Amino acid sequence: VDSSAVNMAVAGMYTVTVSYNGLTASYDVTVQNASVQTVTTSIVFKDLGYSNGDEVPSVTKDDVAITFALGSNTNNNTAKYYDTGTGVRTYVGNTITVSCEYDMVAIEFTYAGSSYNKISADGYSGTTWSGNAKEVVFNSTGTTRIQAITITYTK
C-alpha cells in the first residue's frame, strides 16, 4: 500500500500494489466513509418539565448542548420558560450557544409566532441555520419565544 494510506479507515483514494512470484500489479482503491450517519435531535421546551417563569441556563439531549447566556443584555434578563408561547424567551443581547461533539449541518428553530424570530448568526436564514460546525452562537436581537430547536448533525 502506498505511503498515503497511513490510515485506510479515512475516506480517500489509495494505491494498493500486490507482488507475487515476480509479478506486480497496482490497483487504485477508493475508501468511502460509510460510517457517517445523519442524526436529528429535537428539543421541545414544553416537554422538559419547566414551570412558568423558570430560568433555563442550559439543556442537554443526546449529543447536543444548548446554553443560554446574558451576552450583552444590560438588564440582566436571563432566558426563561413561560407557559404563554410554551417556550423559552430570550431578550436583546442574550446568546444561545448550540454545541455538539459532532459536526452540525442544520439547526432549526420553532417559534410561538413569526414575530418572535429575533435571532441572528452567520448562516442563519428564515428559521434555519445551515453550515458545518461543532458550535454555533446565536444573538438575540429582540424578544424571542422559542418552542423547539431541532439539530441535525453527522455522526
Side-chain angles (χ1 to χ4, degrees), residues 1 3-14 29-155:
V1 179
S3 62
S4 69
V6 174
N7 180 359
M8 283 186 63
V10 176
M13 176 78 106
Y14 302 96
V29 176
T30 301
V31 176
Q32 296 179 343
N33 195 349
S35 64
V36 172
Q37 62 179 332
T38 301
V39 179
T40 300
T41 295
S42 291
I43 297 169
V44 181
F45 292 102
K46 72 176 183 172
D47 296 341
L48 299 180
Y50 291 110
S51 295
N52 194 46
D54 281 352
E55 286 192 16
V56 183
S58 64
V59 175
T60 302
K61 183 177 179 188
D62 300 329
D63 300 302
V64 176
I66 299 172
T67 305
F68 297 94
L70 280 176
S72 64
N73 185 292
T74 56
N75 295 323
N76 292 324
N77 293 325
T78 59
K80 293 182 180 174
Y81 176 84
Y82 287 102
D83 293 339
T84 305
T86 61
V88 172
R89 289 188 195 176
T90 63
Y91 303 92
V92 173
N94 289 159
T95 60
I96 306 160
T97 302
V98 182
S99 58
C100 183
E101 177 182 346
Y102 304 98
D103 289 327
M104 297 178 291
V105 295
I107 302 169
E108 183 175 4
F109 290 81
T110 302
Y111 298 96
S114 61
S115 64
Y116 296 110
N117 181 354
K118 304 286 185 182
I119 61 172
S120 66
D122 288 340
Y124 181 75
S125 178
T127 59
T128 304
W129 171 88
S130 55
N132 193 338
K134 290 186 184 333
E135 180 177 280
V136 180
V137 178
F138 296 90
N139 295 298
S140 216
T141 61
T143 301
T144 68
R145 291 186 184 182
I146 303 166
Q147 294 178 320
I149 302 174
T150 301
I151 303 93
T152 303
Y153 55 97
T154 56
K155 190 172 183 178

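Nothing here was measured: the structure is a model prediction, and the numbers come from that model.
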Are any side-chain N or O atoms of [X] and backbone N or O atoms of [Y], one a donor and one an acceptor, separated by less than 3.5 Å?
X: D83; Y: T86; value: no
X: D54; Y: S51; value: yes
X: W129; Y: A121; value: no
X: K80; Y: V88; value: no
X: D63; Y: E101; value: no
X: S42; Y: T150; value: no
X: D103; Y: N132; value: no
X: Q147; Y: G85; value: yes
X: N75; Y: N77; value: no

Taking the six-membered ring of Y82, is NZ or CZ of R89 closer than 6.0 Å to its centre and within 45° of its axis?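 Yes - R89 lies over the ring of Y82, closer than 6.0 Å to its centre and within 45° of its axis.
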From T127, I149, T40, I151, residue fulfilling side chain to side chain contact (heavy atoms under 4.5 Å, CB included) relative to E108: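 That would be T127.
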For T143 and Y91 the tightest heavy-atom approach is OG1-CD2, 3.7 Å
Which heavy atom in G71 sits nearest to a heavy atom in T95, and how many Å separate them?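 For G71 versus T95, the nearest heavy atoms are CA-CG2, 4.1 Å.
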At what distance, to the nearest 0.5 angstrom, does CZ of R145 lie from CZ of F45? 15.0 Å
Rounded distance (nearest 0.5 Å) linking atom CG of N94 with atom CD1 of I119: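 Reported to 0.5 Å precision, the distance equals 11.5 Å.
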Looking only at side-chain N and O atoms, does [Y] offer a donor or acceptor that is under 3.5 Å from a partner on [X]?
X: Y124; Y: N117; result: yes
X: T67; Y: T97; result: no
X: T141; Y: S120; result: no

Classify the ring geometry between Y153 and Y102 as parallel (under 30°), tilted (30 to 60°) or perpendicular (over 60°).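 Geometry flag for Y102 against Y153: parallel rings.
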Taking side chain as C-beta onward, heavy atoms only, is V136 less than 4.5 Å from I107?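 With C-beta onward as the side chain, the pair touches.
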State, with a plain yes or no, whether a side-chain heavy atom of V98 is found less than 4.5 Å away from one of M104. yes
